[in-house]
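So that the names make sense, note that chain A is the first sequence line, chain B the second, and so on, each numbered from 1.
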2 protein chains.
Amino acid sequence: MSLQTLQSLVDRARSKGVSKLAIAVAQDDDVLEAVRHAQQDGFIQAILIGDEKLISISAKTAGLDGRSIEIIHEPDPAAACRLAVQSIRSGKASLLMKGLVTTSILMKAVLNKENGIAKAGLLSHVALFESPYYHKIFGLTDAAVNIKPDLQDKISIIKNAVDIFHRLGISQPKTGILAAVESVNPKIEATVHAAELKEMNRKDLITGCIIDGPFALDNAVSIEAARHKGITSGVAGEIDLLLAPDINSGNILYKSLNFLGGAITAAVVAGSMAPIVLTSRSDSAKNKYLSIALAAAL
Amino acid sequence: MSLQTLQSLVDRARSKGVSKLAIAVAQDDDVLEAVRHAQQDGFIQAILIGDEKLISISAKTAGLDGRSIEIIHEPDPAAACRLAVQSIRSGKASLLMKGLVTTSILMKAVLNKENGIAKAGLLSHVALFESPYYHKIFGLTDAAVNIKPDLQDKISIIKNAVDIFHRLGISQPKTGILAAVESVNPKIEATVHAAELKEMNRKDLITGCIIDGPFALDNAVSIEAARHKGITSGVAGEIDLLLAPDINSGNILYKSLNFLGGAITAAVVAGSMAPIVLTSRSDSAKNKYLSIALAAAL
């Protein structure tokens with residue numbers, strides 16, 4: 001099976017009932033507007049942690065009904081992040097979202113060895129895209145967290161993303177390892193990593209997905225382009241998931257799809273005990289809402 | 001001024017009269033089809049160097065009139081590349097195009113110290129895009145030649161691209177240095193390079209363009225995204241030219257625009273005595289034709 005639209009994430013989220021979403025430093029108009037939308041659609045109950053007065057003002061601006069939210073007053077941003085993480089540990093909330101706070105402060109609380117919520121492996125960013133130029137939903141990792149992942153990091157990054165596909169009902173996501181070219185070139189490390197990851201997948205050292213590569217992007221998303229280059233692969237032109245070489249290439253592709261490709265997106269940080277919604281200020285309201293839906297659907 | 005469409009390159013090429021285009025190892029149906037189109041439109045006269053018999057077959061397939069072409073018989077690909085380069089040195093041709101031969105064999109002839117056509121600096125790939133999601137033509141460099149350019153290489157790469165903009169009548173191209181983020185992070189070398197390039201531009205060590213960065217792609221192409229991040233820059237949202245961090249990110253963006261962005265493109269390799277048209281097999285016929293037009297317009 002495959003996902004056809006990101007809107008279907010909303011149906012999946014709804015079918016799971018109402019998820020409790022803890023928002024760290026929640027006094028952010030844009031975030032609360034997306035939360036209001038998700039709450040109205042019946043799949044989110046928000047716990048707003050931060051400065052109570054500022055949250056009340058933002059909630060009003062965003063049109064959030066005061067009776068439908070719980071506010072926990074903690075004006076210090078780092079302490080608010082710790083409280084939000086604590087609410088995941090205690091089971092009070094099942095999803096975490098970043099509000100008006102820098103990513104590094106929230107991540108410090110998430111990664112805290114004693115009181116954090118990191119699991120083995122590493123945290124990584126996973127984005128799903130609906131593009132007018134591709135025939136199904138596809139994923140991209142990692143566009144935002146890991147700067148220059150080595151081979152071991154890439155294995156963890158793939159596992160985090162594959163786990164998300166499994167939860168969405170796609171049992172063997174076709175995973176394309178991206179580089180600039182489709183042949184192994186020792187001068188381009190991403191192509192060497194690609195050959196190693198493919199081999200590990202064949203030997204069942206990385207399971208739950210079908211890995212192929214290296215691919216230039218055209219061969220990964222277009223069967224015609226792959227044929228022109230003489231590439232025969234069940235993954236070429238049919239990828240469910242793309243692994244980017246590094247944060248520059250991943251982020252540039254993420255932004256290209258959103259700003260120069262007419263795509264919409266939903267993204268989470270995976271690898272912790274709960275999905276983390278880490279939207280950026282320049283993400284559209286729709287993308288923020290879909291990201292909450294993705295987190296709730298998992 | 002700014003270019004609004006890539007089709008306008010054809011008008012520019014035509015206004016320069018008929019350019020002689022030497023094609024190395026010319027027995028390539030797709031290349032000759034683009035050449036036929038350019039020849040019919042009156043801005044190209046082709047010199048086809050390679051295996052005469054195979055060229056005649058390809059020319060027939062492509063619909064090229066046998067009377068309108070000159071064939072130079074040289075069945076050995078490396079020798080054919082040397083002859084094509086020689087035709088540039090002697091002034092017999094003013095443009096060079098790759099046919100059915102690997103890029104490395106052609107580049108060996110181009111870069112030969114005694115008989116080649118390289119200038120000081122380095123060769124680099126420059127692509128122009130017409131995207132339905134951006135308000136003017138913009139350039140991207142380097143998506144195909146330099147793998148991991150250092151700061152000095154990036155200066156040459158910018159100069160090659162800026163020279164093209166000048167020849168197209170854009171005197172101060174707004175040049176955005178791309179990375180994953182819009183602030184300098186010592187762990188992301190592209191952001192450090194960006195700060196250095198911007199400073200060199202301010203000190204008139206790199207001239208003929210306005211450099212700013214680092215930019216995440218959204219801030220470079222969308223003024224709204226830049227405003228959301230609090231970026232004030234005359235370059236943000238108005239870039240004419242993007243410098244990619246490395247070949248992976250450049251190539252992925254190039255392919256994303258073409259295969260997941262509905263864009264059309266024209267590209268050449270710059271930095272030698274003549275523009276080199278180096279299209280890829282997966283490029284569309286239209287992109288190949290526009291690349292010839294770009295080379296002829298320069």
Side-chain angles (χ1 to χ4, degrees), chain A residues 30 103 129 131-134 138 140 142-145 147-148 178-182 185 187-191 214-222 224-231 237 242 244-263 280-284, chain B residues 30 103 129 131-134 138 140 142-145 147-148 178-182 185 187-191 214-222 224-231 237 242 244-263 280-284:
Chain A
D30 292 345
T103 300
F129 292 93
S131 160
Y133 304 99
Y134 195 59
F138 68 98
L140 167 66
D142 175 339
V145 175
I147 291 175
K148 207 174 160 8
L178 281 185
V181 290
E182 52 280 342
N185 177 344
K187 290 180 187 159
I188 304 178
E189 192 183 36
T191 67
F215 285 114
L217 179 60
D218 54 340
N219 318 134
V221 300
S222 160
E224 291 80 18
R227 279 196 196 122
H228 272 130
K229 291 275 175 106
I231 297 168
L242 292 168
D246 64 2
I247 199 171
N248 286 325
S249 51
N251 193 269
I252 288 170
L253 179 52
Y254 177 96
K255 300 285 172 59
S256 173
L257 291 162
N258 278 321
F259 288 86
L260 298 171
S280 149
R281 207 159 294 183
S282 69
D283 284 324
S284 68
Chain B
D30 292 344
T103 299
F129 291 92
S131 160
Y133 304 99
Y134 195 59
F138 69 97
L140 168 65
D142 173 341
V145 174
I147 292 175
K148 207 173 159 8
L178 280 184
V181 290
E182 53 279 341
N185 177 343
K187 290 180 187 159
I188 305 178
E189 192 184 34
T191 66
F215 285 113
L217 179 59
D218 54 340
N219 318 134
V221 300
S222 161
E224 289 79 18
R227 280 197 195 120
H228 272 128
K229 291 275 176 105
I231 295 168
L242 292 169
D246 64 2
I247 199 171
N248 286 325
S249 51
N251 194 269
I252 289 170
L253 179 53
Y254 178 96
K255 301 284 172 59
S256 174
L257 291 162
N258 278 321
F259 288 85
L260 298 171
S280 151
R281 208 159 294 182
S282 68
D283 284 325
S284 69

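For chain B, the nearby part of A/Lys229 is the side chain; its heavy atoms alone come within less than 4.5 Å. A/Ile147 touches chain B through its side chain: at least one heavy atom from C-beta onward sits under 4.5 Å away, while N, CA, C and O do not. Looking at B/Ser256, both its backbone and its side chain come within 4.5 Å of chain A, counting heavy atoms on both sides. B/Asn185 touches chain A through its side chain: at least one heavy atom from C-beta onward sits under 4.5 Å away, while N, CA, C and O do not. There is no contact between A/Phe215 and chain B, counting heavy-atom distances below 4.5 Å.
Remark: A/Tyr254 engages A/His125, A/Phe129 in a ring-ring contact (aromatic ring centres under 6.0 Å, His included) (not counting sequence neighbours). Partners of A/Asp218 under the side-chain contact (heavy atoms from CB on, under 4.5 Å) rule, at least two apart in sequence or in another chain, are A/Ala216, A/Ala225, B/Lys255, B/Phe259, B/Ser282.
B/Ser280 OG to A/His228 NE2: the interatomic distance, rounded to the nearest 0.5 Å, is 9.0 Å. To the nearest 0.5 Å, atoms CD (A/Glu189) and CG (B/Asp246) are separated by 11.0 Å.
Looking at every heavy atom in both residues, B/Pro132 comes nearest to A/Tyr133 through CG-OH, 4.1 Å. The shortest non-hydrogen separation linking A/Asn248 to B/Ala180 is OD1-N, 3.0 Å.
A/Leu217 pairs in a side chain to side chain contact (heavy atoms under 4.5 Å, CB included) with only one of the listed residues (B/Asn258, B/Asn251, B/Leu260), which is B/Leu260.
In terms of non-hydrogen atom pairs under 4.5 Å with chain B, the most contact-rich of A/Val181, A/Asp30, A/Val221 is A/Val221.
Contact of the B/Pro245 side chain with the A/Ile252 side chain is registered, since non-hydrogen atoms from C-beta on lie closer than 4.5 Å.
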